[in-house]
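The next block holds one structure in the form of structure tokens; read it before the comments.
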Amino acid sequence: MSRVGRHKEGRPTPRTAATAVYIGAVSLLAVALLAVSLPATEGVLGVELLILTLLGAVLVRLEQFTLQGKTWVSLWSIVLLACSVLVGPAGAAVAGAVMGALQGRDVALRGRIFNCAQASATGALGGFAYLAVGGRASAAGLDGATAVLSDLALPILVADVVQFAGNVLLLTGVVVVSRTGSIASVIVPVLRSAGISYLGYGAIAFLLVVLWRPAGLGPAAALLVLAPLLVAQWAYRQLAEELSSQQRVMDVLVAAVEAKEPALTGHSARVALLAASVGDAMGLGPSHVNDLRMAGMLHDVGRTSLPTREGRVHTPSASPAGPDPYPDRGVALLRDLPFLEGALPAINDHRRAVEGGGEDLSSDARILGVVDEYDLLVSGARGGARLTSEEAVASLERMGAPAAVLDVLRRVVSRQVGAP
Amino acid sequence: MIDLVVRRRDQLFATLVIVLGAGLVLWSFAADRADLGTLVSTHSVTLLVFVAVITAGELLTLRMPSGREIAPLATAGALSLAVVGPVADQPVFDVSPGLVVLVAATAFVVSGLLRAARGLPVGVALMAANLCGVAVAAVLARTWQVGGQTLWEDQSDPAVHQGVVAGGMVLVSAVGLTLGLVLVSAVRAERFGTPWLSALRDEVSEAAPLTLAVVVTGPMVALMAPVIGVLALPAALGPLAMAYTAVRQYARNRAMNRRLVGTLSRLTEAGGYTRHHHAERVAGISVRIGRILGLGERELRSLEYAALLHDLGQITLTDPIPDGATVLAAPADQRDIAAEGARIIRQADTLEDVAALVDDQTTSYRFVREFGEPVPMPSRIIKCANAFDDLTGGSDDPAVVAAAMERIHLGLGYEYDPDVVDALTRVAQDASAGRVAEQRAGAG
């Protein structure tokens, strides 16, 4: 959950020096913790530490991957927690340093140093916490369910919470010092997505420790416990593939629209992009922006149900004989797809945003309606000459399009034009 | 409505498996009759926990993308019962394989009754097949001696490393589970008239990742039980439950993608080009034919998508053809429609194989026979299924179906691949041929 390097890579941060000092301080903390813990642990450099470190290193290198913004269980965090119990604070500090340093790909050196120090420090802290609340050293000599609960399960839970808190604190430090984002935007999502995962890590680390030590299985315990988790990881990867294939199928939907009305080639993709940018600039949340993007992509799907002759002969136009029938038809086609639920109202109402009579419209419908019409004017798909973006906005103003959306659109478009 | 699998057709193998399962239960009962009461009262807590967990697991089934229902949590629970030995705070679970069979059977029956009460189908033969797997695992773990003692005795022997015990238990669970899968696939193959080897291949490959998670759960339970007691069962099922959740999410998303392609297939209906649900019917028939002909899951998926989208090319026609029935259109028009559909589908690079199948769907079989043209089997299937639905218009009136089949037979060997027509004949005659699971009311 650290992966600091990735955020800052290639972008000089405003307070590079302060960040460097902070990373230095965290590294010092890690070294100090290791130094304190060394005398308290005997025989740190044993075979078990070697095996745990290797295992952690392998798991770290298995690509971390995120699905819909949530990081799926980082299996090495489970190993780090188990280290805190099985090889003590010093062992966990050593193993943590290795795992942290190997974390992620394309991480700048500074990021690696921070990750290394962070994992080492939290590993040691977890080990201290485990011992402090009465955890049996190395989980040895446990007998009966009661002893297991009080001398192993509960202390593991405490170590788990301490590691989580340590990670959040150290990460908050980075955010504050480097000013890469607000605490709310960086830390709150971490708390939300990783908070529950950490409870799961605790439960699984508990299984790993019980099998490893009291049940006498040793390193083979890792194979038993981690196999199902690797299966889960496999399934999540399949899921990620499915989600991208879903995107491809939607591309085919758009392709069907474009085959029917060649004048609209590229229109849906541009509207999706622009609608998302405008939504983003208006401060809508990520899932809301995603709904807008989907709505932009699929807003013309209903046009496939119009007779081809009409589509080819008359380019799309606001019909004088009443509202266009195609938004309704599009919604009817897409209605039984739950993941498009948030996009349907905008698809349904977008024409009304520019045809008038849309006082009660949602912001999505207004944005989509304006962006759609804007792109038709600029691309020349309306049949007349291609308008410049100023002309198109002016024309939209005359049509009575919502001023708030037009303002943002003007800003977004000028930024895009100004960009290299 | 207990849906006994023995019905409708000759179900020789399914009957055999049920008889085998029932025989196991009776034999176990006879063998342990004398001390059954003592055993049950001695191990009441352990038995109760296992029965509860296996029953719950049977109710939490997972529908895989192919439509198979599996119950990994129940299987894992039952296999754990086969290998578990010392349990902290409880008497050592020193019982014969027979008692293991009886306990697992009890849980299966209870869950079967609960499923029936909720109106869900109950596959008796499938449960019997799983019971056979559990019995074999129990016999191997509890009575088969390697080096003078059983695996079960090894666990309590300090001279044997627990890692070796764990390895042995994984092996025993794997044997039991594999046997169960083999029997289950044989029952399904017979029930739905598909080749047994391809049923087994699909069963194993689709379940493989979860199988891995299932076989390690039993050993985890057995090795943790001496430390944390009966809590070992729910605790060890945790990681498997995570895998279960992940696979379920993935399977649901697969189903969602299928629905999205279904939406795409309805564009031509909404535009008035094709008949209501034509594409869905052609896809349903095509997949069943594909299964009878032994296509693999991956091919079946492409076949299903291609069948759904086979008329997509009609969308750009300026004049719809009557009823959208391409079978009655001129060959050149058929080819144009197919090529246009393929062109649209090719916009998604991941659907290249689907596009190719759509492209080839109009080629007559004689080009394969006379010129060796490589027309993929799924395309031949779509050609035939499409003709059938165009001719029947989706009606299942026997006279209409017979007329359509007669017409298709006229093109046998010239237009249509004879093997495909044979399979279509079976699909048209037998409502269960080529499926993977019992049809639920309202489900396709």
Side-chain angles (χ1 to χ4, degrees), chain A residues 73 142-145 148 200 203-204 206-207 210-211 214-221 223-236 238-239 242-246 248-256 259-260 301-302 304-309 312 329 332-334 336-339, chain B residues 88-89 161-163 165-167 170 209-210 212-213 215-217 219-220 223-224 226-229 231 235-236 238-240 242-247 249-250 253-254 256-257 259-261 263-264 266-268 270-272 309 312 315-319 340 343-351:
Chain A
V73 180
L142 286 164
D143 214 9
V148 168
I204 292 161
F206 168 73
L207 297 183
V210 165
L211 283 168
L217 199 53
L223 294 180
L224 290 191
V225 174
L226 295 179
L229 300 182
L230 289 172
V231 171
Q233 197 162 35
W234 166 86
Y236 279 122
Q238 302 292 310
L239 178 58
E242 284 300 320
L243 289 174
S244 86
S245 131
Q246 191 167 308
R248 297 289 89 76
V249 178
M250 279 193 278
D251 292 346
V252 178
L253 264 172
V254 173
K260 184 116 176 157
V301 162
T304 55
S305 66
L306 305 177
T308 304
R309 201 159 294 173
R312 290 215 165 133
R329 300 205 186 171
L333 278 165
L334 301 172
D336 59 346
L337 298 169
F339 63 93
Chain B
D89 305 328
H161 190 272
Q162 294 296 308
V165 176
V170 168
L210 269 176
L212 179 68
V215 294
V216 299
T217 303
M220 259 202 269
L223 293 168
M224 285 203 301
V227 186
I228 62 171
L231 279 181
L240 179 61
M242 288 173 87
Y244 168 90
T245 317
V247 172
Q249 220 175 325
Y250 148 64
N253 225 275
R254 270 288 288 272
M256 191 53 64
N257 272 3
R259 254 159 98 172
L260 184 57
V261 177
T263 300
L264 193 47
R266 278 198 301 282
L267 293 185
T268 46
L309 301 180
L312 186 62
I315 197 145
T316 54
L317 293 179
T318 37
D319 298 301
E340 173 72 356
R343 192 189 63 77
I344 297 174
I345 298 166
R346 284 210 169 88
Q347 300 298 313
D349 44 4
T350 46
L351 295 179

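Each chain gets a letter, A, B and so on, in the order the sequences are listed, and its residues count up from 1. No hydrogens, no waters, no symmetry mates; every other heavy atom, side chains included, goes into these values.
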ask   = A/R248 and B/T350: side-chain donor and acceptor closer than 3.5 Å?
value = no
task = Could you tell me which non-hydrogen atom of B/N257 sits nearest to which non-hydrogen atom of A/E242, and how far apart they are?
result = ND2-OE1, 2.7 Å
key: Contact class of A/A203 relative to chain B, heavy atoms under 4.5 angstrom   = neither
For chain B, the option from A/S245, A/A220, A/G216 that forms the most heavy-atom pairs under 4.5 Å = A/G216
ask   = What part of B/L231 lies closer than 4.5 angstrom to a heavy atom of chain A: side chain, backbone, both or neither?
value = neither
Any residue meeting salt bridge (Lys or Arg N to Asp or Glu O under 4.0 Å) with B/D89, in chain and number order, not counting sequence neighbours = none
task = State which residues pass salt bridge (Lys or Arg N to Asp or Glu O under 4.0 Å) with B/R346; sequence neighbours excluded, sorted by chain then number.
result = B/E352, B/D359
note = In B/I344, B/L309, B/I345, the residue satisfying side chain to side chain contact (heavy atoms under 4.5 Å, CB included) with B/L264 is B/L309
remark   = Closest non-hydrogen contact found for B/P209 with A/V231 is O-CG2, 3.2 Å
ask   = Checking A/V254 against chain B: side chain, backbone, both or neither under 4.5 Å from a heavy atom?
value = neither
ask   = Most heavy-atom pairs under 4.5 angstrom with chain B, which of A/A227, A/G218, A/P338?
value = A/P338
key: Option that, when pairs with chain A are counted at under 4.5 Å, heavy atom only, ranks first among B/L240, B/T245, B/L223   = B/L223
message = Heavy-atom cut-off 4.5 Å, strictly under: side chain, backbone, both or neither for B/I315 against chain A?
response = both
query = What part of B/V170 is in contact with chain A, defined as an atom under 4.5 angstrom from a non-hydrogen atom: side chain, backbone, both or neither?
reply = side chain
